[in-house]
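Have a look at the structure below, then the notes.
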Amino acid sequence: TMSTEQNKAIVRMHLIDVLEQGRVDLIPSYYAPDGSNPANDTPEQWRDRVLRHHKIGPGFKITILDMIAEGDKVAVLWEADFTYSVMPDPPPEKPWYPFGKQVTWKIMNLVRIVDGKLVSSTGANEWGKMMIDAGVYVLAKTEPATS
């Protein structure tokens with residue numbers, strides 16, 4: 001059984017080495033190969049997602065803001081700083097990322113580690129808030145209902 005500090009180190013390496021640095025060759029060393037959680041990407045899907053992020057927004061930065069662990073679970077709050085600069089092919093449906101603008105959003109993940117491998121990750125993020133802050137989504141001002 002891995003210690004909570006070892007589990008935290010795996011999550012940290014997964015975020016920094018794989019996601020931030022684009023070291024997709026390391027995915028097999030951090031990611032359970034059996035697709036233990038069907039809601040997660042397979043290792044191949046995760047590799048493709050990481051490579052796509054690096055293609056459309058090279059040079060993004062991850063900052064780990066907080067991390068706690070208990071048993072086989074690690075909770076991590078992290079922030080992504082990103083500038084989308086290359087249109088993917090095929091282009092996505094609208095609305096799309098704010099090209100050329102530096103954007104930041106926070107992500108909270110609850111990760112489960114078994115035998116040194118990531119077997120599940122559930123998360124929530126501030127993607128919508130980032131898109132509003134960047135002006136991609138525009139919210140109409142509404143008046144309160146009167147009775």
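- Shortest non-hydrogen contact noted between Y30 and H14 is CB-ND1, 3.8 Å.
- Considering only heavy atoms from C-beta on, I107 stays 4.5 Å or farther from L77 through its side chain.
- D25 has a carboxylate O that lies under 4.0 Å from a charged side-chain N of R23, or vice versa, which qualifies the two as a salt bridge.
- Under the 3.5 Å distance criterion, with hydrogens and angles disregarded, no donor-acceptor pair is assigned to the side chains of W78 and D66.
- Taking both residues in full, the closest heavy atoms of M2 and D115 are given as CG-C, 4.5 Å, listed atom of the first, atom of the second, then distance.
- Between R52 and D48 no salt bridge is recorded (no basic side-chain N to carboxylate O distance below 4.0 Å).
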CA sep, side-chain torsions, deciding dist, call: M130, I132, side chain to side chain contact (heavy atoms under 4.5 Å, CB included): CA-CA 5 Å; M130 178 274 293; I132 291 167; over 6 Å; no
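- Checked for salt-bridge contact, E5 and K8 meet the test: a charged N lies under 4.0 Å from a carboxylate O.
- Hydrophobic clustering (ILVMFWY, side-chain heavy atoms < 4.5 Å, transitive): I113 and M108 are in distinct clusters.
- By the criterion of side-chain heavy atoms lying less than 4.5 angstrom apart, applied directly or through intervening Ile, Leu, Val, Met, Phe, Trp or Tyr residues, V119 is not grouped with L110; the two fall into different hydrophobic clusters.
- Under the 3.5 Å distance criterion, with hydrogens and angles disregarded, no donor-acceptor pair is assigned to the side chains of E79 and T63.
- For the ring-ring contact (aromatic ring centres under 6.0 Å, His included) test, residues two or more places apart in sequence or in another chain that qualify with F60 are H54, F82.
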